[in-house]
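The figures that follow rest on heavy atoms only: side chains count, while hydrogens, waters and symmetry mates do not.
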Amino acid sequence: SPEHALFECTSSWELLNVRAEFLNMAYHLVPSLKGARSANSTELLQRFLMNRTTTPLLAKLCYNMLQIYDRAPLYTPPTAE
């Protein structure tokens, strides 16, 4: 899911760094969002989308995340035969 890719996936160090940079900046600009840390990824996405200050940062995170995923090989789970 997009939420997993943005806030939960741990398969890429680059993604982890981009996410950490986003969260640090978002929480610095809007300290009241720090309470959202305990929210699930869908609620977290909604909170960042509903805040005019964090929306541009979220757009940048989405762009960076898509760039990282585009460079990664596509994972195809094994099929049961």
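Side-chain contact between Cys9 and Tyr69 is present, with heavy atoms from C-beta onward closer than 4.5 Å. The closest side-chain heavy-atom distance from Asn64 to Lys60 is below 4.5 Å.
For the pair Arg19 (side chain) and Leu6 (backbone), a donor-acceptor distance under 3.5 Å is present. Thr54 places no side-chain N or O within 3.5 Å of a backbone atom of Leu57 that could act as its donor or acceptor partner.
The minimum heavy-atom distance linking Phe7 with Leu61 is given by the pair CE2-CD2, 4.2 Å. In this structure, Asn51 and Thr55 approach most closely via the heavy-atom pair O-OG1, 2.8 Å. Ala26 and Phe48 get closest at one heavy-atom pair: CB-CE2, 3.7 Å.
Residues Val18 and Leu66 fall within the same hydrophobic cluster, defined by Ile, Leu, Val, Met, Phe, Trp and Tyr side chains chained together at heavy-atom separations under 4.5 Å. Note on Leu16 and Leu45: separate hydrophobic clusters, where clusters join Ile, Leu, Val, Met, Phe, Trp and Tyr whose side-chain heavy atoms are under 4.5 Å apart, directly or indirectly. Residues Leu49 and Leu44 share a single hydrophobic cluster, defined by chaining ILVMFWY side chains whose heavy atoms lie under 4.5 Å apart.
Atom CG in Leu29 sits 6.5 Å away from atom OG1 in Thr53 (nearest 0.5 Å). Distance check: Ser12 OG to Met65 CE gives 11.5 Å after rounding to the nearest 0.5 Å. One finds the CD atom of Glu3 at 8.0 Å from the CD atom of Gln46 (value rounded to the nearest 0.5 Å).
By the 6.0 Å contact criterion, CZ on Arg71 is enclosed, its count of non-hydrogen atoms from other residues, nucleotides or ligands being greater than 12. Within 6.0 Å of atom OH in Tyr63, 12 or fewer heavy atoms from other residues, nucleotides or ligands are found, so the atom counts as exposed in its surroundings. Remark: Glu21 CD is loosely packed, at most 12 non-hydrogen atoms of other residues, nucleotides or ligands lying under 6.0 Å away.
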